[in-house]
Protein chains: 2
Amino acid sequence: MKKKNTLTIYDLARELNYSTSTISRALKNHKSISKKTAQLIQRAAEERGYRPNSLAASLRSNNSKTIGVSISNISRPFVSDMISGIETSAREKGYNVIISQSHDSYDNEVSNAKALYDSRVCGIIASLSMQTENTDHFNQFKDQGIPVVFVDRVPNNFQSYHVIIDNYTSAYIATEHLIEQGCKRIAHFAGSQHLNVYSQRKKGFIEALKHHDLEIDERLIVDMKTLSFEEGAQVTAELFKLNNPPDGIFSSNDTAAVSAILYLKKQGIRIPDDVAVIGFNDDPISSIVEPALSTIYHPAQKMGELSTRRILEHLEKEDGMHTTEISVLETHVISRASSVRKKST
Amino acid sequence: MKKKNTLTIYDLARELNYSTSTISRALKNHKSISKKTAQLIQRAAEERGYRPNSLAASLRSNNSKTIGVSISNISRPFVSDMISGIETSAREKGYNVIISQSHDSYDNEVSNAKALYDSRVCGIIASLSMQTENTDHFNQFKDQGIPVVFVDRVPNNFQSYHVIIDNYTSAYIATEHLIEQGCKRIAHFAGSQHLNVYSQRKKGFIEALKHHDLEIDERLIVDMKTLSFEEGAQVTAELFKLNNPPDGIFSSNDTAAVSAILYLKKQGIRIPDDVAVIGFNDDPISSIVEPALSTIYHPAQKMGELSTRRILEHLEKEDGMHTTEISVLETHVISRASSVRKKST
DNA sequence: TCACTTTACACAACCGATTGCTTAATTTTT
DNA sequence: AAAAATTAAGCAATCGGTTGTGTAAAGTGA
């Protein structure tokens with residue numbers, strides 16, 4: 001309702017008979033101000049309800065204390081967990097977090113990057129959209145010495161920080177897990193192959209088969225567009241029209257895996273006895289579906305926290321060198337009923 | 001790597017022989033600049049890679065074009081959907097969104113509110129933490145004419161915008177739905193009663209029972225702290241130790257409801273025949289559990305979009321009057337297998 | 001006691017736009 | 001053709017802090 005009763009350090013300076021520089025420094029406990037004066041000023045500021053204007057501070061000091069986040073869609077459990085980690089660890093250090101969703105559109109990602117740049121974020125954490133094949137729009141940050149952390153969905157050739165899991169190995173152990181359960185013909189739900197999270201998973205899958213001398217049947221490897229619930233059921237239906245259907249499914253995400261389970265059950269196919277299934281991510285639905293979905297643990301929250309840490313560490317460095325540092329977090333198989341067959345000795 | 005090759009309107013002014021005011025106005029197509037000059041300047045800015053500094057603009061124009069969001073935890077599906085709605089509609093209009101999680105702690109909520117205020121957000125969208133009973137920390141916004149929108153978890157007596165659903169009626173129709181399926185002894189998983197989303201749901205529940213002349217057994221109404229998965233199973237276990245256990249459950253959220261279903265199934269109790277269950281929210285897990293959970297549709301995304309709209313509308317208003325405007329969005333029963341009994345005629 | 005540090009604070013430029021007020025040049029009106 | 005109105009652009013203050021430099025006062029040492 002009221003306008004402009006915001007008081008500034010100028011007001012405080014006048015009232016307390018100090019210069020604005022003294023006020024400013026006193027409020028941050030700068031060493032050049034005596035403790036007595038600092039206390040006096042801080043108390044007065046508190047009493048009068050002084051609130052600093054971060055915009056002014058950011059402008060002058062060229063430090064917005066803000067981290068920009070560029071992701072596909074917050075609604076995905078993996079993404080929201082990751083952002084939760086980013087926000088929590090950022091706020092702890094006094095940083096704000098601005099989010100931007102690409103909704104998996106390249107154009108959105110580009111314009112969001114501009115907006116974040118204009119807001120002078122002092123670091124950016126990004127997970128590429130499905131469409132993105134060119135990452136030039138992140139160069140503007142690097143050029144200005146602003147740290148860029150790519151997380152999970154990372155580009156192939158961009159010198160910056162990366163926070164990832166080992167998708168190749170994760171897929172390998174997931175596949176091996178199915179093989180250990182006796183699967184001989186394993187299908188793979190692959191994602192868009194230009195995103196290396198998915199291409200690496202496919203590679204890991206294939207390597208595991210090779211290593212265990214299993215036949216690689218191209219018909220069982222399906223490149224899916226969105227790995228959605230609908231696509232999962234549809235692809236499963238196709239697979240089970242084959243003369244020689246699979247006895248195991250390794251899906252690149254949980255959504256499609258759960259969809260497959262529900263579809264197969266409806267068809268009277270038994271899980272895990274006829275078909276063993278393993279997903280990827282450990283979304284909430286995976287522990288609810290019956291039989292519960294085995295999956296790969298994906299440390300979303302931790303990846304978010306680590307990404308924030310990378311940004312903050314970079315900002316503390318003197319040289320501001322933009323090094324390439326790749327952090328690979330641990331994953332493991334979460335073994336649930338959808339894949340575990342009773343030992344038949 | 002490089003530092004300070006950021007060019008400003010001063011640089012453009014010098015190079016193009018115009019004043020900074022002309023540059024500034026030309027870039028925004030201000031009417032007092034001829035189309036020719038404007039084009040010239042815009043083209044030059046484009047070529048040289050000029051990027052505006054939003055911080056400076058925000059400071060001077062006293063408009064940060066940023067919306068602050070205060071919620072409990074992004075990881076909850078309802079919350080992330082809502083934020084997705086907020087972000088999408090905000091960015092469409094050129095606004096940034098800063099998020100802050102309270103993790104259901106009052107103290108966090110208070111300090112987050114300060115941080116958002118200091119960042120000079122030009123509007124705030126908040127959903128209260130579980131702990132919050134006092135909302136004085138939102139007065140600072142109102143006092144400065146900054147619009148406040150409370151969404152979903154709203155306070156009782158705070159003059160501002162509210163975006164809610166009719167929890168009372170939603171609970172009423174959920175309960176009635178169970179009654180229609182033949183339930184006579186319905187249990188209710190209630191949440192923290194100082195949050196009116198939960199107290200209203202309890203009221204709606206009770207009224208529905210009264211209206212249908214069903215006995216109200218206090219032992220069947222459980223005030224839960226977090227409505228978590230663990231708590232859901234535990235409370236269900238207690239309820240079914242009663243001599244006279246319930247034949248229906250209306251849970252204030254889906255998590256606890258799903259937990260109840262899984263627990264009951266394990267006990268050999270049939271859903272919906274022995275016990276019909278309905279939840280609240282329509283989280284993803286509710287359509288995955290078997291039998292699929294009936295629930296109340298909760299328009300999370302729309303609530304987010306509408307909240308943003310309220311902020312933007314307020315900012316466009318001349319007077320800036322901080323009116324109390326309550327928007328109530330529609331809900332409905334989503335009827336699934338967990339509650340629908342075959343007609344036995 | 002005098003030169004030398006330290007301490008405590010003030011001065012004033014600065015960050016990069018925005019904007020009310022002027023002014024000069026053009027166009028329109030009479 | 002002179003006066004009035006319009007158009008196009010410049011001047012300079014301003015938003016609210018931050019920070020390098022300067023300086024008087026107080027403290028230290030020989």
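What you see below is based on every heavy atom in this structure, not just the backbone, and it leaves out hydrogens, waters and symmetry mates. Predicted model, so just to flag it, every value in this text is computed and none were measured. In the text below, chain A, chain B and the rest are named by the order of the sequence lines, each starting its count at 1.
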Original post:
Is Lys302(B) salt-bridged to Glu305(B), going by a charged N under 4.0 Å from an acidic O?
Top reply: no
**OP:** Inspect the contact between Glu46(A) and Arg43(A) and indicate whether a charged nitrogen and a carboxylate oxygen are less than 4.0 angstrom apart.
**Re:** no
So, is [X] close to the [N] phosphate, meaning a side-chain N or O under 4.0 Å from OP1 or OP2?
X	N	answer
Ser34(A)	dC9(C)	yes
Ser61(A)	dT18(D)	no
Tyr50(A)	dG17(D)	yes
Lys31(A)	dT7(C)	no
Thr37(B)	dA9(D)	yes
Ser24(B)	dA17(C)	no
Ser19(A)	dC9(C)	no

Subject >> hbond_proxy Tyr10(B) side chain to dA17(C) base (donor-acceptor, 3.5 Å cutoff) >> reply: yes
Original post:
Do Arg25(B) and dG20(C) share a donor-acceptor pair, side chain to base, under 3.5 Å?
Top reply: yes
Any sub-3.5 Å donor-acceptor pair from [X]'s side-chain atoms to [Y]'s backbone N or O?
X	Y	answer
Asn112(B)	Gln101(B)	yes
Thr88(A)	Ser84(A)	yes
Arg91(B)	Ile99(A)	yes
Asp104(B)	Met130(B)	yes
His162(A)	Val328(A)	no

Original post:
Once you round to the nearest 0.5 Å, how far does CD1 of Ile23(B) lie from CD of Gln42(B)?
Top reply: 10.5 Å
Original post:
What distance separates Ser75(B) OG from Phe78(A) CZ, expressed to the nearest 0.5 Å?
Top reply: 11.5 Å
Closest to side chain of [X], choosing from [options]:
X	options	result
Ser32(B)	dT19(D), dA17(C), dA9(D)	dA9(D)
Tyr18(A)	dT18(C), dA9(D), dA10(C)	dA10(C)
Ser21(A)	dC14(C), dA12(C), dA17(C)	dA12(C)
Thr22(B)	dT18(D), dG10(D), dC9(C)	dG10(D)

Could you state the atom-to-atom distance from [atom1] of [X] to [atom2] of [N] in whole Å?
X	N	atom1	atom2	result
Lys35(A)	dT7(C)	NZ	P	8 Å
Asn62(B)	dG20(C)	CG	P	13 Å
Leu59(B)	dC14(C)	CG	P	17 Å
Ile41(A)	dA10(C)	CD1	P	8 Å
Leu16(B)	dG10(D)	CG	C1'	15 Å
Ile33(A)	dC11(C)	CD1	P	13 Å
Asn17(A)	dA10(C)	CG	P	9 Å
Leu55(B)	dG16(C)	CG	P	10 Å

Subject >> Nearest heavy-atom neighbours spanning Phe141(A) and Val148(A) >> reply: CB-CG2, 3.6 Å
Would you tabulate the pairs of protein nitrogen or oxygen atoms and nucleotide nitrogen or oxygen atoms of nucleotides 25-27 of chain D closer than 3.5 angstrom?
none

Original post:
Is the centre of the His137(A) ring less than 6.0 Å from the centre of the Tyr117(A) ring?
Top reply: no
Original post:
How is Arg51(A) classified with respect to the nucleic acid when contacts are heavy atoms under 4.0 Å: base, sugar-phosphate, or nothing?
Top reply: sugar-phosphate
Original post:
Reading DNA chain D 5' to 3', how would its secondary structure be written in dot-bracket notation, given Watson-Crick and G-U pairs with both distances under 3.5 Å, brackets [ ] for crossing pairs and | for partners on other strands?
Top reply: ||||||||||||||||||||||||||||||
